[in-house]
Structure formats: C-alpha cells, structure tokens
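Whatever order the structure lists ligands and atoms in, that order sets their numbers, starting from 1. Here the structure is a predicted model, which is why all the values come from computation and not from measurement.
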Amino acid sequence: MMKSWIPVAEHSDFPIQNIPFGIFSTPNKTARPGVAIGENIIDLKVLDENGFFSHLPFTKNDFDVCVLNHLMRHGKKHMSSLRNRIIELLKEGNNELAQHSCLPEALVHQKDATMHLPVQIGDYTDFYSSEDHARNVGTMFRDPAKALLPNWKHLPVGYHGRSSTIVPSGTMIRRPKGQINPSDDTPPTFGPTQQLDFELEMAFITFDGKPMGESISPDEAADHIFGFVIFNDWSARDIQRWEYVPLGPFLAKNFASTISPWIVTLDALAPFHHPGKKQDPEVLPYLRFQGNYHVDIELEVSIIPENASPTVVSRSNYKYMYWNYAQQLAHHTIGGCAIRGGDMMASGTISGPDKGSYGSMLEIAWKGTQPITMSDGTARKFILDNDTVLMRGFAEGNGYRIGFGDCSGKIIG
Ligand code: CA
C-alpha cells in the first residue's frame, strides 16, 4: 500500500490515496488552493513558486487566488496530472519536497487554517434521485400505492437552485422565516419555520462542459466532473408544503446549504465505483450507460444538541441512488444547457431501504409522528435552535479511507 512521508493516522480522511483540493487561509496566508494530507494542508502556491509544477501548463495566477476555478479551467487531464504530481512529491522515498527548504512554509496544520468555499459556484442544481427517499415522501404526502409519480423512473427529476447561500462547513445557519399554512381552511401566517430539516446528499462539481446546444452523454460525464463534496440541503418543511405548488421548492430551500470544504476528486473515488441496481423500465437511449457510476460512500448524520454528545440519526450510502451522477449530467445537458466550471449538482436526499438509513428528519421521525431521542434525553421531530447537524462520509479502501472531512452546521434562532 502506498504511504506518505507525512504521518497519516489509521482512520484519517486524508491519506495519500485521497489528496482532495480546497481553499484555506491562515492569519499569515491569504485564501489559496491547498490539498489535505493527514492533519496537514499542503500550500500549493508555495509549491508552485518553488517550481514543483513547472512541467505543467498552470500559471502563477492559478495558484494565487481564492477559488479553484482558475486551476479547473485547465480541465480534467491537467488537474489529474497536478494531483498525480502532488502524490509523487508526498510519496514515501521521494525527497524533492521532504528535503526542500520551502517545506516549513508549504506545510500548514489544519487546526491553524480556516476553510473557505472551494469554488465560485456558478449554477446549482438539486436532483431527487434516491428511490427510497422519493417513495417515502410520496407515501407520506400522497397515495402509498402511487408513491412515485409517473415520470420518476424515466428521468432524473431536478430543479435549478440557488448558489448564493451555499456555505462551507462550520458556518452558522439562521432559522428561516416564511409563510406557513398547515391547513387549507385558514389563511397563512408568517414566522420562523417549525420544521427545519436536513437533507443528506452528495454533490459533484463540474469542469467546463460543451458549448451551448451540445450535450454530454453518460459515458462522457466523468471528463466534465472534478469531484464530490457532502451536501446538506437544509429544508423548511412547513414553508415548502405551502409554497411548492406548482413550480417546486423555492424559499424552503434557498436560505442555506452546507458543504464539506474539500473536493474529493473523481480520480480518488475511481476504485469505489460499482454497477448500480438494474433500472426497470429500461431508460431512453440518451440515459443509457456502459461504465460503473454508482459509488460506495458510507454516510453518517449526527445531531449534536448544545452541550451534549452526538447522536447518530442516519447511516446511509451514496450507492443507494437510483439515478447515477453520469445520468444526471447527461439529462441536465440533453436539451443543450451549457455547464460551466464550478457548477454544483446535488444528488437529492440519499435514503437507504431501512429506517436507520433515511436521509432527512421528515423520514426518520416520519412526518413528526415518531420522534427520536437524543443522547441528553430530549426528543427531536425536526432540528431545534442550537442543534448542530454533522454529516461525515468515506469510501473504505484496503487499509485506508477516502474521507470528506466534516459537513457541519449549527442552527441559531
Ligand atoms: Ca434536496
């Protein structure tokens, strides 16, 4: 098994097999690109200044900037070369960086750094691609016999969301206010949501796509995807219920979404791809694929009440998706929609088949009818003020883990 000369703890999210990209700053360093290894960050601006990437087509400006979009503009092939070069430099036995005078400046401890949004997000799209989630919601709010709407198994349902309120892990989230109308017989009222929920999702971040008017096939999708983050699509269920007819979610979803700050590359996740469950009925030709596009990523959600220890409320897995990421990108572009570097596309709530694997409080507490108990004895139907929701995830390799770091947000009133 490949190892680094930088020490990495056994269950670290960031072994040399991972090398995810992010944007960090310290009191002495402006926000800039870095990669995570063990408990450290490698400052890529310092490595570039010292000539470690001189054989690659990147420029000084690509590294001296507070988003990854400039690096990503060089596309999949060159970003893979950059990551491979970093792995080479960090590999046990390689002394180029290990014995270089710039090492003290290039190595930053994660506890001394602040993480920022890794990319300037252009457009954000949210899908609805977990069959178990769609079936649960359809069962709760419609007819259990017709839980899935007629289109659901023919296309990956989605909507265009809002990128301006996607924030990195650790950002406080203010409880949103809005119109609420629990009964059809009364007029709506205005106030803070009483049904604040999380949605456990994964999101992929794109490279530039093709020109407007062209489409990306499922088997071309990987060329246009940089990597993944964990995505908490915070949702206000009472606001959603009143506003969503007939155009779908609006203010119930646009007040905040939290992401884990490190982009785990598709390259790092390559060994964890599997064929998904067979799709029935067969999909239209433009959604058919040859490769494996389901990814085995174990996911866990905890609620941490103020001054209490975490309570795990869900264990799910990204492999449970019905529609995979390649089909999502293919469907998104089939009408000619242009995709730009830094666009973010979320999977939809990832629920598994069992109660312990549901990806939202709406399902876990089944519309508030089955509250769950926290470690401090208090009950939850939805998320309360001063609760922190923590999502974590990793792909399990042979002797290592490809992890994502924390995706955490605290609710304030
Ligand atoms: Ca969602």
Side-chain angles (χ1 to χ4, degrees), residues 121 123-142 147-149 151-152 155-167 169 171 173 176 178 193 195-206 228-245 247-260 297 299-301 313-314 316-318 320-325 327-329 331-332 343-352 357-365 367 382-383 389-391 393 404 407-409 411:
I121 305 163
D123 284 307
Y124 156 58
T125 299
D126 192 20
F127 285 94
Y128 188 61
S129 291
S130 153
E131 182 176 356
D132 292 299
H133 173 67
R135 197 176 290 284
N136 285 340
V137 173
T139 299
M140 265 182 259
F141 292 103
R142 289 189 303 273
L148 296 183
L149 290 168
N151 62 1
W152 201 89
L155 55 85
V157 169
Y159 67 95
H160 287 113
R162 182 89 196 154
S163 60
S164 59
T165 28
I166 299 177
V167 293
S169 179
T171 308
I173 309 296
T193 174
Q195 297 184 345
L196 183 57
D197 203 352
F198 60 80
E199 290 190 338
L200 170 64
E201 307 194 19
M202 299 295 302
F204 64 82
I205 293 119
T206 60
F228 285 82
V229 294
I230 300 174
F231 191 100
N232 180 354
D233 181 20
W234 296 100
S235 300
R237 300 299 179 196
D238 41 8
I239 296 171
Q240 183 178 356
R241 191 165 308 128
W242 172 235
E243 74 171 5
Y244 89 102
V245 184
L247 289 183
F250 190 29
L251 311 189
K253 302 274 189 176
N254 74 359
F255 61 95
S257 304
T258 302
I259 62 168
S260 54
I297 300 171
L299 299 165
E300 185 180 276
V301 186
V313 297
S314 177
S316 188
N317 194 306
Y318 185 44
Y320 291 142
M321 304 310 293
Y322 186 86
W323 296 102
N324 61 54
Y325 65 80
Q327 292 178 305
Q328 289 173 336
L329 189 57
H331 184 65
H332 206 306
D343 287 353
M344 192 168 280
M345 300 192 186
S347 58
T349 307
I350 305 167
S351 291
S357 60
Y358 294 168
S360 66
M361 285 303 285
L362 179 69
E363 298 162 270
I364 293 166
K367 228 172 142 185
F382 290 97
I383 304 304
V389 174
L390 170 65
M391 299 179 174
F404 288 78
C407 176
S408 164
I411 298 298

> Got a second to check how far Tyr124's OH is from Thr165's OG1, nearest 0.5 Å?
Replying inline: 9.0 Å
>> Is there a side-chain contact between Ile411 and Trp234 in this structure, where contact means two heavy atoms from C-beta onward sitting under 4.5 Å apart?
In response: yes
>> Between Asn254 (side chain only) and Arg162 (backbone N and O only), is there a donor and an acceptor less than 3.5 Å apart?
In response: no
> Under the side chain to side chain contact (heavy atoms under 4.5 Å, CB included) test, which residues partner Thr171, sequence neighbours left out?
Replying inline: Val167, Pro168
>> So, at under 3.0 Å, which protein N, O or S atoms would a careful student list around the Ca ion (ligand 1)?
In response: Asp126 OD2, Glu199 OE1, Glu201 OE2, Asp233 OD2
> Which distance, rounded to the nearest 0.5 Å, do you find between the NE2 of His133 and the OG of Ser347?
Replying inline: 9.5 Å
> Does a sphere of radius 6.0 Å around OH in Tyr159 hold more than 12 heavy atoms from other residues, nucleotides or ligands, not counting ones at 6.0 Å or beyond?
Replying inline: yes
